Amino acid sequence: MSHRRRPDLPPSRTTDRTPNPKLGRGEEGDRKGKISSSWSSRGIASAFFSSERRVWGLSLAFRATNSLLVQTYFNPDEHWQSLEVAHRIVFGYGHLTWEWKRGIRSYLHPLVFALLYKIMAFLRLDTPWFMVKAPRLLQSLFSSFGDLYMYKLSKLLFDEHVARWAFFCQLVNWFMFFCITRTLSNSLETVLTIMGLYYWLSASCSLEDVSTASRKLALFIAALACAIRPTSAITWFYVGMLDLVGLQSRLGFLFLEGFSAMLLTFLPFSIYGIFKSKKWRLSGLIAWVLGVYSMLGHKEFRFVLPVLPIALMFAGYSLAVMSKPDFPDPKRRNKYCNRWPLRVHLAVLFLIMSNVPMALYMSIVHQRGSEDVMFYLSKEAHDGKVKSILFLMPCHSTPYYSTLHHNLPMRFLDCTPSDGKEIPDESDRFLMDPAGFATDMFGNSSSPSHIVLFSSEEGSLREFLISHSFREVRRFFHAHFKVDRDLQASVTVYALADLAVT
């Protein structure tokens, strides 16, 4: 595939690698020594970027590690709208939420993980550890292709130098690390969006036969993305309209609070890259997606994840421009062209220091209790120590059968939307009066062997639990600060006294 070089690009550094015949052997040797220690030439990074296969290999290793480090709970849909459905398809048990019962969800995304579960069952690898880690490892494989195609898209629109910086931004960004290896449909949608954009835009840079094939492939990927998440049509409607009407005008930018938080310290670099590169059509896609989602009643950070790599690509362009030496004299520029200016060192250090701790904290520490408690219960159930479980906590606060992987009776508080807007669901009624709700529930059903609850409701239920012969058996740290309710500092497991293990 032949790519046209764009006129508004920062100069490529590859042109500075030709030996200077005017330099003596000693000077040439010194120059080679300096070049070998520079990222943009024959250093370690150049070895990684010597081929797209190596770029993908680096990304795959990084994302696999990324998936193993993600040990926290982010959004119920990661489990309840994908893994739980896949588990029911393969193993015959699992809970279907009201969306599936009303037929408003696509089975395409859960089927990906159903295939994984089928293979695991055949190989007898459906153990507690693999049931937790394997789905995210599979998503890390998909995510690595997303990183690769973001690199290829940056290289297509700009050049190799920008592509390297964009790749750096993609790996360092905290929210991408936190979210892209999770089994949310948004994660796979993001990968497909970047792949589709690459093939769509490469069509205008190719020969006619290649262009047609590239455009068809882009349309197929776009259709797949829409089948997995129908709201992906918001992105592809904009892309199609641009080609249809040839829109070239600048669009105003609406930066949602959520998108700014996702970019975090990359935000000023992205804004600078947008205006410096003058790629208004692509930056307009970001504005379009943010604008449409800002008008919808239901908003979540993950909804705009597919355009985050595009914003990070502009941040990469900004860093590429900043790394250009400031020497008007051609001789001095050639001598120092392989050295980063101080501002680039400071920018890279600033981005790493502001994103890596955030990524690790959100992925390893914040809201991990929901994951830890189900992994614990899965092992206990495997040893025959659990008979039934009641979750006295807001609905969908933990994973479910897809992690437990044992067909035991379980009960959680229902939050299915009712026809009457003023009618509170079980989850709401429990939060209004935890002890009263639990008393009514136990009066109408048999006692479970285990109860799981947040520490925020534990005080209201302590006397109730003691009176029904429940004892605390495990406590898992959950969060240092509250998100949308009272502080849920820990997740506690209570068991009947005859089952409790000290």
Side-chain angles (χ1 to χ4, degrees), residues 1-17 38-60 62-63 143-173 176 190-207 210-211 213-215 217-218 221 239 266 269-270 272-274 276-283 285-286 306-324 337-338 344 348:
M1 183 177 296
S2 60
H3 298 158
R4 291 195 307 230
R5 186 67 66 184
R6 305 304 175 97
D8 54 344
L9 311 179
S12 173
R13 289 190 160 190
T14 57
T15 57
D16 296 321
R17 298 178 187 173
S38 171
W39 179 29
S40 59
S41 55
R42 298 176 184 175
I44 296 176
S46 291
F48 281 123
F49 290 105
S50 60
S51 70
E52 290 182 351
R53 181 176 296 179
R54 290 194 175 188
V55 173
W56 176 72
L58 171 62
S59 177
L60 179 60
F62 181 86
R63 291 303 177 197
S143 301
S144 67
F145 283 102
D147 295 337
L148 172 64
Y149 274 87
M150 198 276 289
Y151 170 82
K152 294 175 67 172
L153 180 61
S154 304
K155 190 174 179 181
L156 173 71
L157 296 176
F158 303 112
D159 64 5
E160 170 74 19
H161 187 45
V162 174
R164 293 184 182 187
W165 280 111
F167 188 76
F168 163 80
C169 295
Q170 177 90 343
L171 299 189
V172 171
N173 177 259
M176 194 62 68
T190 299
V191 173
L192 294 173
T193 298
I194 294 301
M195 292 177 66
L197 283 175
Y198 169 76
Y199 286 113
W200 185 271
L201 295 176
S202 66
S204 60
C205 306
S206 308
L207 299 175
V210 178
S211 174
S214 182
R215 188 60 59 90
L217 182 56
I221 294 174
V239 174
F266 282 98
F269 296 92
S270 297
Y272 179 77
I274 286 171
K276 189 69 175 178
S277 68
K278 296 181 173 60
K279 297 290 184 181
W280 306 117
R281 297 176 65 177
L282 194 58
S283 58
L285 174 59
I286 301 175
V307 294
L308 180 58
I310 301 173
L312 293 173
M313 183 176 66
F314 284 116
Y317 184 94
S318 176
L319 290 170
V321 171
M322 291 172 62
S323 64
K324 180 181 177 182
C337 64
N338 289 296
V344 178
V348 169

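Because the structure is predicted, anything quoted here is derived from the model rather than measured.
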For this session: Give the minimum heavy-atom separation between Ser59 and Ser143, together with the two atoms involved.
Result: OG-O, 4.5 Å
Seminar exercise, completed: NZ of Lys152 to CG of Asp147, rounded to nearest 0.5 Å, is 13.0 Å
Exercise. Would a 4.5 Å heavy-atom cut-off, applied to side chains only, mark Phe314 and Phe158 as touching?
Worked result: yes
Exercise. Is there side-chain contact between Leu171 and Arg63, with at least one heavy-atom pair below 4.5 Å?
Worked result: yes
For this session: Measure the spacing between CD1 of Ile274 and CD1 of Ile286 and express it to the nearest 0.5 Å.
Result: 4.5 Å
Problem set entry | Test log, rule side-chain contact (heavy atoms from CB on, under 4.5 Å), inputs Leu319 and Met322 | CA-CA 5 Å; Leu319 290 170; Met322 291 172 62; 4.2 Å; yes
For this session: Identify the two heavy atoms, one from Trp165 and one from Ser323, that lie closest to each other, and give their separation to 0.1 Å.
Result: NE1-OG, 3.7 Å
Exercise. Do side-chain atoms of Ser154 reach the backbone of Met313 as a donor and acceptor pair under 3.5 angstrom?
Worked result: no
Problem set entry | Euclidean distance, Leu282 CG relative to Ile310 CD1, rounded to 0.5 Å | 5.0 Å
Seminar exercise, completed: Taken in chain and number order and not counting sequence neighbours, the residues that satisfy side chain to side chain contact (heavy atoms under 4.5 Å, CB included) with Ile221 are Leu192, Met195, Tyr199, Leu217
Exercise. If you take all heavy atoms of Ile194 and Pro309, which pair is closest and at what distance?
Worked result: CD1-CB, 3.7 Å
For this session: Can you spot which of Gln170, Glu160, Arg164 makes a side chain to side chain donor-acceptor pair (under 3.5 Å) with Tyr151?
Result: Glu160
For this session: Among Phe49, Phe62, Phe145, find the one that has a ring pair (Phe, Tyr, Trp, His ring centres under 6.0 Å) with Trp56.
Result: Phe145
Exercise. For the residue pair Ser270 and Ala311, what are the closest heavy atoms and their distance?
Worked result: OG-O, 2.8 Å
Exercise. Heavy atoms, side chains only, cut-off 4.5 Å: are Phe168 and Val348 in contact?
Worked result: yes
Problem set entry | Shortest non-hydrogen contact from Asn173 toward Leu312 | CB-CD1, 3.8 Å
Exercise. Mind checking what makes side-chain hydrogen bond (donor to acceptor under 3.5 Å, both in side chains) contact with Thr190, not counting sequence neighbours?
Worked result: none
Problem set entry | Closest heavy-atom pair and its distance - Lys155, Ala163 | N-CB, 3.7 Å
Exercise. Mind checking whether Tyr149 and Tyr198 have parallel, tilted or perpendicular rings, split at 30° and 60°?
Worked result: perpendicular
For this session: Could you tell me the separation between the OH atom of Tyr317 and the OH atom of Tyr272, rounded to the nearest 0.5 Å?
Result: 8.5 Å
Problem set entry | Check: Lys279 main-chain N/O paired with Ser283 side-chain donor or acceptor under 3.5 Å | yes
Problem set entry | Sequence-distant partners of Thr193, side-chain hydrogen bond (donor to acceptor under 3.5 Å, both in side chains), two or more places apart | none
